[in-house]
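Here's the structure we're looking at; comments come further down.
In what follows, chains are A, B, ... by sequence order, proteins preceding strands, each numbered from 1.
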Amino acid sequence: MKLLLQIWRSSLGKKYVMALTGGALLLFVLGHMAGNLQFFLPPTYINAYGHFLQTTPELLWPARLGLLAMVGLHISAAISLTAANRAARPTRYAGAISSQGATLAARTMIWSGLVVASFIVYHLLHYTLTLPQVNGYQVFTGQSMDFDGLVEPKTGFHDIFAMIVLGFRIPVVAGFYLLSVGLLSIHLGHGVASMFQSLGLRSHVWWPRIATAARVLSVVIFLGYAVIPVSVLLGRGSDYVNDVRTSGKGTHLSPTSLSPSK
Amino acid sequence: MKVQLKVWRQKNRNSPGKFVIYDSPDLNPNMSFLEMLDVVNESLASKSEEPIAFDHDCREGICGTCSLVIDGKPHGPHKGVATCQTYMRSFKEGDQIVIEPFRAKAFPLIKDLVVDRKAFDRIQQKGGFISVRTGSAPDANSIPVPKDNADLAMDAAQCIGCGACVAACKNASAMLFVSAKVSHLGLLPQGQPERHRRVKAMVDQMDEEGFGACTVTGACEAVCPKSISLDFIARMNRDYLVALAKGDAKKPAAGGA
């Protein structure tokens with residue numbers, strides 16, 4: 001207990017917290033990306049994957065609670081460090097001060113992080129809680145859309161594939177997603193390398209490798225996530241969803257999802 | 001040559017400061033930056049104006065007393081050079097040169113361009129003693145030191161404690177200074193007995209002084225007149241982690257001679 005308190009009270013200790021929680025969140029980001037990329041397999045794959053997660057609470061809930069703890073620690077340490085950093089220079093430079101090679105990514109970690117955090121909240125409301133109020137259909141098409149009612153006809157599983165296609169068809173939603181994934185990528189381009197620095201896992205031999213690997217990884221993460229909304233906007237899955245919409249009765253879209261707004 | 005100076009003037013900590021513009025007298029381009037300030041001050045004094053207060057001592061880049069943020073960069077335009085070894089030939093005829101003091105909560109302003117950097121002394125004092133045999137000089141090479149470590153320790157020991165790292169850091173962090181001081185003894189056999197106690201004490205004092213944390217921007221490394229590497233910050237992070245894990249030393253039950 002004393003050790004935990006010492007870690008939290010020390011500036012170096014809080015950086016350890018940032019690094020360790022950031023590392024855990026990075027693993028989630030990679031796992032989530034791998035899960036998402038099943039979108040490029042036939043729809044049954046991602047629907048079966050979603051069904052597996054939803055029906056395995058003993059796996060789902062520890063992961064959710066763990067992630068919540070990681071995000072909570074990461075953000076609270078970041079805010080507390082930022083406050084201390086600001087307090088360390090109460091009088092700003094009056095003249096222009098050059099950044100001395102400090103990258104924009106490094107200087108704006110708190111902002112890229114906070115935008116990504118607000119995106120995560122939206123993303124959960126959008127696809128996890130599937131609130132019809134936030135998916136943009138009411139605002140941009142004048143129709144209501146309930147993702148909850150999407151059911152794959154053959155299996156009766158929640159139709160994740162159709163939900164992704166319908167979700168990203170709203171350009172503003174896809175745009176916010178792309179912006180957030182872009183900022184996440186910039187955040188990780190600096191953050192992943194800094195994680196090693198904060199934990200002291202660095203030498204003059206390893207630093208160039210670590211810095212390069214972090215940049216490559218951040219680009220891979222950006223592409224791995226961005227490819228989904230982009231492919232939806234380019235038409236991936238529209239046949240699948242349109243078939244459903246035009247085939248009338250016996251569709252796997254629930255009646256409420258197709259009814260015009262009242 | 002002549003230049004124009006835009007200098008921060010502030011009577012003391014409690015009165016507001018502002019930039020004042022001065023035209024320099026005729027200068028020799030081979031004057032150092034500090035000699036240029038001397039000449040400007042002489043002309044100010046001859047007009048019965050208050051000379052510009054600035055810190056300086058050895059003027060050969062080894063004492064760490066000179067400071068100044070010159071055109072937005074601590075220690076002026078060059079890499080790996082202190083203000084005292086920056087020469088007027090690095091500027092152009094008629095340039096306006098902006099001069100500000102180092103700014104950090106832990107470096108309170110004293111007057112004009114002079115700030116109080118005693119926080120660094122207090123951090124260094126917290127480092128404490130090292131256990132070595134004193135008395136007659138030891139035989140040369142009686143303690144073997146790997147060449148690589150000796151070189152690295154010398155790199156760290158080059159830190160002159162000027163505070164440019166703090167001045168350049170967006171967080172006013174002193175990590176580069178503290179890590180250099182921690183590493184230079186931590187790399188040598190003579191520094192091992194107190195290694196972890198030392199890093200703990202110095203980092204804790206650094207936090208107490210109100211310096212910020214490290215965002216790994218690398219600005220400190222870029223402005224350091226001795227080009228101290230960020231590698232040392234990683235080394236300090238590692239040592240501090242070990243020190244935290246080891247915990248404080250057990251108090252002896254009695255005696256201990």
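- Of all residues in residues 200-209 of chain A, those placing a non-hydrogen atom less than 4.5 angstrom from a non-hydrogen atom of chain B are Gly200(A), Arg202(A), Ser203(A), His204(A), Trp207(A).
- Within residues 85-92 of chain A, the residues that have a heavy atom under 4.5 Å from a heavy atom of chain B are Asn85(A), Ala87(A), Ala88(A), Arg89(A), Pro90(A), Thr91(A), Arg92(A), listed by number.
- Shortest non-hydrogen contact noted between Gln100(A) and Ala222(B) is O-CB, 3.6 Å.
- Heavy-atom distances place no part of Ile99(B) under 4.5 Å from chain A, backbone and side chain included.
- To the nearest 0.5 angstrom, Ile97(A) atom CD1 is 13.5 Å from Lys170(B) atom NZ.
- Among the residues in residues 182-197 of chain A, those with a non-hydrogen atom closer than 4.5 angstrom to a non-hydrogen atom of chain B are His190(A), Ser194(A), Gln197(A).
- Interface residue Tyr240(B): backbone and side-chain heavy atoms are both found under 4.5 Å from chain A.
- Side-chain atoms of Tyr93(A) come within 3.5 Å of backbone N or O of Arg103(B) as a donor-acceptor pair.
- Applying a 4.5 Å heavy-atom cutoff, the residues of residues 61-83 of chain A that approach chain B are Leu81(A).
- The local environment of CZ in Arg215(A) is sparse, with at most 12 non-hydrogen atoms from other residues, nucleotides or ligands closer than 6.0 Å.
- Closest approach of Gly95(A) and Glu100(B) over heavy atoms only: N-OE1, 2.8 Å.
- For Cys220(B), no part lies under 4.5 angstrom from a heavy atom of chain A.
- Checked by atom type and distance alone, the side chain of Lys15(A) never pairs as donor or acceptor with a backbone atom of Ala213(B) at under 3.5 Å.
- Ranked by heavy-atom pairs under 4.5 Å with chain A, the first of Cys169(B), Pro74(B), Gly17(B), Gly247(B) is Cys169(B).
- Closest approach of Leu3(A) to Leu244(B), counting heavy atoms only: CD1-O, 3.3 Å.
- Of the residues considered (Val203(B), Ile233(B), Leu230(B), Asp204(B)), Leu230(B) shows the highest number of contacts with chain A, using heavy-atom pairs under 4.5 Å.
- Counting heavy-atom pairs under 4.5 Å between each of Gly101(A), Gly13(A), Ser99(A), Ser198(A) and chain B puts Ser198(A) at the top.
- Across Leu199(A) and Leu241(B), no two heavy atoms sit closer than the pair O-CD2, 4.4 Å.
- Heavy-atom distances place the side chain of Phe19(B), and not its backbone, under 4.5 Å from chain A.
- Between the side chain of Asp207(B) and the main chain of Ser11(A), a donor-acceptor pair closer than 3.5 Å is present.
- Expressed to the nearest 0.5 Å, how far OG1 of Thr215(B) lies from CE of Met18(A) amounts to 9.0 Å.
- In this structure, the portion of Lys2(A) lying under 4.5 Å from any heavy atom of chain B is its side chain and not its backbone.
- The part of Lys200(B) that comes within reach of chain A is its side chain, from C-beta onward, which places non-hydrogen atoms under 4.5 angstrom from that chain.
- Chosen from Ala106(A), Ala96(A), Ala105(A), the residue pairing most often with chain B at heavy-atom distances under 4.5 Å is Ala106(A).
- For Ala94(A), the parts lying near chain B are the backbone and the side chain together; criterion is any non-hydrogen pair under 4.5 Å.
- Looking at Asp231(B), both its backbone and its side chain come within 4.5 Å of chain A, counting heavy atoms on both sides.
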